[in-house]
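Chain letters run A, B, ... following the sequence lines, proteins first, then strands; residues in each count from 1. Here the structure is a predicted model, which is why all the values come from computation and not from measurement.
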Amino acid sequence: MSTRQFGQPIKRNEDPRLLTGRALFTDDVQMAGMLHAAFLRSDLAHARIRSIDVQGASRRPGVAAVYTAGDLGEFWQPGPLLVPPPPVEQLEFHQRTQVPLARGKVRHAGEAVAMVVAESRYLAEDALDDIFVEYEPLDAVIDLEAALSEGAPLVYEDLGHNVSARVTQTKGDWTQAESEADLVIRRRFLYDRGAAAALENRGIVASWDEKSQRLTIWDTTQAPIAIRNGLASMLGLSERQVRVIAPFIGGGFGPKIMMFYPEEVLLAWAALQLGSPLKWIEDREENFFATTQERGQVHDAAIALKADGTILGVKDIFLHDAGAYAPYGLTVPINSQCTLLGPYVVPSYHSEFTSVFTNKPIVTPYRGAGRQHGVFVMERLLDLAAKELDLDLVEIRRRNFIPPDSFPYSNEIIFQDFAPLVYDSGNYEPALERALELIGYREFIATEQPRREKAGERVGIAVVNYIEGTGIGPYEGARVTVEASGEVSVATGVGTQGQGHYTSFAQVVAEQIGVAVSDVHVVTGDTDLFYWGAGTFASRGAVVAGNAMHAAAAKVRAKILKLAGKKLEAAEEDLELIEGRVQVKGVPQTSISLGQLAVEANPMRGAVQPGMEPGLEATEYFGPERGATASGVHAMILKVDPETFLLEIEKYVVVHDCGTVINPLILDGQIQGGVAQGIGNAFYEQLHFDDNGALLNASLMDYLVPTASDVPNVVSDHVVTPSPLNPLGVKGAGEAGAIPVGALFAQALDNAFRDIGLEVREIPLSPNRLFELVTETAAREAV
Amino acid sequence: MDRTLDRTITVKVNGREYERSVEPRLLLSDFLRHEIGLTGTHVGCEHGVCGACTVLLDNEAVRSCLLFAVQTNGREVATVEGLDAGPQQLHPIQHGFWEAHGLQCGFCTPGILMSLVPFLEQNPDPTEKEIRDLLSGNICRCTGYQKIVEAVQLGARLIQEKSS
Ligand code: FES
Ligand code: FES
């Protein structure tokens, strides 16, 4: 091939459409006779519904229908459990999933109670004011520990307690580790909730076509195929009658894979009832209640070490905030449990968690999906241990790294994909070294920091490690077709929310077929164009769908060579694919274009021979036996304003190992965007619920998402340890930027305030909270 | 439904004149997107914070979710759809974004581009700090802003090259 496509920083195929305002997002779908839905949501987090009076709303001009739970009949069903509990012994699990409209009781603020359908969104929202609901307020379950205490109010009375699940996983013998240890450190760590806050809110358009007997849904989902299958079965339609299109999506980050959102099932159902196309677009305030969130956990953790810093074991007992319903099973807390072990040799591990129902919005994975907590706990424990043992923060980590020759490395416990937690590959030392070099660790500690501190500045440095299980199964597929124009069309089932799949997948295919990346047209997320798939989550698009692309393209390449060999009367080994043609190596005169070959492969006369298929097309699937383990190091230098406690991030370094890189430009973008979200999570963003479960900051005015003035430039570099588990050698990268940032902030702030012995044990922080922590610590020091 | 309060407005959008009868409470963002079908202008918050809905009103960047359509009567609006001269002829700022990977999901992009048009007219050679200050009025949840800053720098250079 003349030029390489794979691994190059190629600009994106999808951009011209996005840049000119011509890309279709869900709210851009416009249909004749379309009606609009709006939802009446509970202001109370926990209350019995005594009565709902919708008469006034129904009578309003322009209102087509008003529905409450009672109107749904048989269709009213709790949603499916998306991920069953993993095969772990003695696991306790109580399934409670979300309902389309609240019946009898509301369990979180923002839960939908009624749906209005009207001629415009304005009218539908007007009509909400005419619905009267009589509630009997109940005490709300907010605090995780209080939720488990005797006599606590109950999210589910029939359950008799607020436990969603209990899981214990162990390796080795913690008790022995503890007894043999020179040092045991115990602490409590807190992590609180944030919102993914994708810039595009959710939305759905549903349209039933009576003539073709088909339902078409445009949905801001990360999992169109699963949505199709689920809706078809709920509505009693065949899967072939339902087409789900996930068009351009304005950011996903996890919550858009949650299913089935009440609005998803209701819009589809009501479109069938009414026979009119129907649209619902979430507004920003609704997004803070009705879109899923993540991150509330309380950890009581301990680490046992030898005097030289060698880890003997870790014990961690934690509570996980599941919210009011738990459709995603245990994915998030299992990730916390498994990610805690990090890149370190931890001979014994006892991890026990209780997932707790609360009267807060539903929790499902949000970028990182529980991994943040694990990394935070482990990295903090190591920081504290280093301090006690008078070791350098970097040295204690290095001493505990899993050596590069011990992969695959088994951590024995079960991961979120139900496979044992086995790291496929890794090489941690070079990445750490590189990060130290880029941040200037030694010079900073030795000279810069003392000098600046003398001048009255408060500056801190931090370096943390993490691993990330990525690219889990079950599978994805791809179909690659060479068209008569010589251009290549590619379809896959995964949806895309800005990750550049139209380009990175095209690069994988272009590499095999010898065409320009811009001549490969990728379609994602239209169930009519590709039938099978699981969805975009867990940093798996590039790994799983990418390898399916590779396999399908390789098969098409073989077909091309075979047919071209015949046409050009040459041996296949003597042919090359170059710039859209097949030619005899070094003899451009003897060549045939791919377009011509595509036509020849689909003859109008004669017979396709037995065992042969028409066309230059192939469909292939890829299912990894288990996930690929990415890893990395983040490092940072920050300055604290002594008056305002605002932070200035002076330098931010990421050295990342996600195996083979398909497109470094896109990868850097993913890392930088992840870091920005991590910074928001660490220092700006926190959802504040009061004791009654009311969310106090449900707007972008009060919930602070980082802006261009808050986020630094990230210096990034890559170490490449290809995954042996897939032919491309890739590992996922979508979440890496966000995962270790909380741990990094904590370490840097401890470092900046080491004179008073600050110990940050919670995330998110804020200037206020930092001020409080510093003041408390200083006061304690003083006595 | 009562439409007696509707007002007729005439507004020029991207050089083309539209006459429509609208409810006084109709937001400019909804007018652009749903009345005249220019869906390139996006809506991320409807309370003036995210900047996704930014358009030009008589050449000044405004948030179309904070204006009523009736307020544009007799005036000129420019949206992202009017920026390029056809799919093959992107505006230099759009080129900057394409080359520098200044967008991921692209939802924030139209609003950012429209904020930049008057900004770069007034500041043809902005510093990184100036660019970041300007951008802090627009939320991007995907990129971390770094490549947007690079895209603006490149876009500014391309504009200068074009005019020289
Ligand atoms: S939609 Fe107008 S500023 Fe956010
Ligand atoms: S690119 Fe997605 S919000 Fe900016």
Side-chain angles (χ1 to χ4, degrees), chain A residues 9 11-12 14-25 27-28 30 60-62 119 121-123 196-201 248-253 281 283-284 497-500 665-666 668-677 699-701 705-714 737, chain B residues 1-2 23 25-26 30 33-34 37-50 52 79-81 83-84 87-88 90-91 93-95 97-110 113 128 131-149:
Chain A
K11 63 184 182 185
R12 304 196 315 172
E14 54 268 57
D15 287 358
R17 264 184 295 170
L18 290 163
L19 284 164
T20 55
R22 291 179 181 85
L24 183 88
F25 290 85
D27 189 27
D28 303 346
Q30 210 54 281
R60 250 185 189 267
E119 284 167 19
R121 184 175 170 194
Y122 289 69
L123 292 174
L199 198 56
E200 180 198 33
N201 293 309
F248 277 96
I249 292 180
F253 313 123
I281 300 298
D283 69 24
R284 181 54 61 182
Q497 306 88 39
Q499 298 93 333
L665 198 61
I666 291 175
D668 275 355
Q670 284 286 317
I671 299 276
Q672 290 162 9
V675 168
Q677 275 182 351
S699 86
L700 289 178
M701 219 108 67
V705 167
T707 69
S709 313
D710 307 317
V711 179
N713 285 321
V714 175
Chain B
M1 132 197 48
D2 181 14
E23 272 190 274
R25 63 171 175 169
L26 183 71
D30 285 335
R33 293 180 46 75
H34 303 308
L38 293 176
T39 53
T41 300
H42 294 154
V43 170
C45 71
E46 288 175 294
H47 52 252
V49 183
C50 74
T79 71
V80 70
E81 285 95 341
L83 212 48
D84 60 294
Q88 303 304 326
L90 297 181
H91 186 285
I93 305 178
Q94 291 170 316
H95 261 296
F97 272 68
W98 194 12
E99 294 290 334
H101 188 30
L103 62 157
Q104 289 184 25
C105 78
F107 198 77
C108 66
T109 315
L113 293 174
E128 176 172 347
I131 295 171
R132 284 188 177 269
D133 284 349
L134 182 273
L135 288 174
S136 62
N138 291 74
I139 292 175
C140 172
R141 194 57 162 163
C142 300
T143 62
Y145 305 103
Q146 187 167 343
K147 292 196 187 297
I148 297 185
V149 173

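Checking side-chain atoms of A/Q672 against main-chain N and O of B/G144 turns up no donor-acceptor pair under 3.5 Å. A/R12 places a side-chain N or O within donor-acceptor distance of the main-chain N or O of B/Q104, the cut-off being under 3.5 Å. No donor-acceptor pair closer than 3.5 Å links the side chain of B/H42 to the backbone N or O of A/E200. In this structure, A/Q30 contributes its side chain and B/G37 its backbone to no donor-acceptor pair below 3.5 Å.
The candidate with the highest count of non-hydrogen atom pairs below 4.5 Å against chain B, out of A/S709, A/G500, A/G674, is A/S709. Chosen from A/P712, A/A196, A/G737, the residue pairing most often with chain B at heavy-atom distances under 4.5 Å is A/A196. Ranked by non-hydrogen atom pairs under 4.5 Å with chain A, the options B/E81, B/Q94, B/H91, B/E128 are led by B/Q94. Of the listed residues (A/A198, A/P9, A/A197, A/A23), the one with the most heavy-atom contacts under 4.5 Å to chain B is A/A197. Among the candidates B/A100, B/P110, B/C45, the residue making the largest number of heavy-atom pairs closer than 4.5 Å to chain A is B/C45. The choice from A/A676, A/G673, A/G251, A/G250 that makes the most heavy-atom pairs within less than 4.5 Å of chain B is A/G673. The most heavy-atom pairs under 4.5 Å with chain A, out of B/D30, B/I131, B/I93, come from B/D30.
For B/G44 against A/N201, the heavy-atom pair with the smallest separation is O-ND2, 3.5 Å. When all heavy atoms are compared, the tightest approach of B/E46 to A/D283 is OE1-CB, 3.7 Å. The two residues A/A708 and B/L135 come nearest to each other via the heavy atoms CB-CB, 3.6 Å. When all heavy atoms of B/C50 and A/L199 are compared, the pair lying nearest together is CB-CD1, 3.8 Å. For the pair B/H101 and A/L665, the tightest heavy-atom approach, listed with the atom from each and the gap, is CD2-O, 3.2 Å. Nearest heavy atom pair, residue A/K11 against residue B/E99, reads NZ-OE2, 2.7 Å.
With a 4.5 angstrom heavy-atom cutoff, A/V711 touches chain B via backbone and side-chain atoms both. Looking at A/E14, there are no atoms closer than 4.5 Å to chain B (heavy atoms on both sides), in backbone or side chain. The part of B/Y145 that comes within reach of chain A is its side chain, from C-beta onward, which places non-hydrogen atoms under 4.5 angstrom from that chain. Contacts of B/V80 with chain A are made by both backbone and side-chain atoms, with heavy-atom separations under 4.5 Å. With a threshold of 4.5 angstrom between heavy atoms, B/L103 approaches chain A through its backbone and through its side chain. For B/H34, the parts sitting under 4.5 Å from any heavy atom of chain A are the backbone and the side chain alike. Using a 4.5 Å cut-off between heavy atoms, A/D27 touches chain B through backbone and side chain atoms alike. Only the backbone of A/I249 comes within less than 4.5 Å of a heavy atom in chain B; its side chain stays farther off. Contacts of A/Y122 with chain B are made by both backbone and side-chain atoms, with heavy-atom separations under 4.5 Å. If you measure heavy-atom distances from B/L26 to chain A, the contacts under 4.5 Å come from both the backbone and the side chain. With a 4.5 angstrom heavy-atom cutoff, A/I666 touches chain B via backbone and side-chain atoms both.
Sorted by first and then second residue, the pairs that involve residues 134-144 of chain B and meet side-chain hydrogen bond (donor to acceptor under 3.5 Å, both in side chains), not counting sequence neighbours, are A/Y366-B/R141, A/E685-B/R141, B/S115-B/N138.
With 3.5 Å as the limit, one finds no donor-acceptor pair spanning the side chains of B/Q146 and A/D668.
How far CG of A/L700 is from NE2 of B/H47: 4.5 Å, rounded to the nearest 0.5 Å. Atom CG of A/D15 sits about 11.5 Å away from atom NE2 of B/H95, to the nearest 0.5 Å.
Qualifying salt bridge (Lys or Arg N to Asp or Glu O under 4.0 Å) partners for A/R60, counting only residues two or more places apart in sequence or in other chains: A/D130.
For the pair A/L18 and B/T109, the minimum side-chain heavy-atom distance is 4.5 Å or more.
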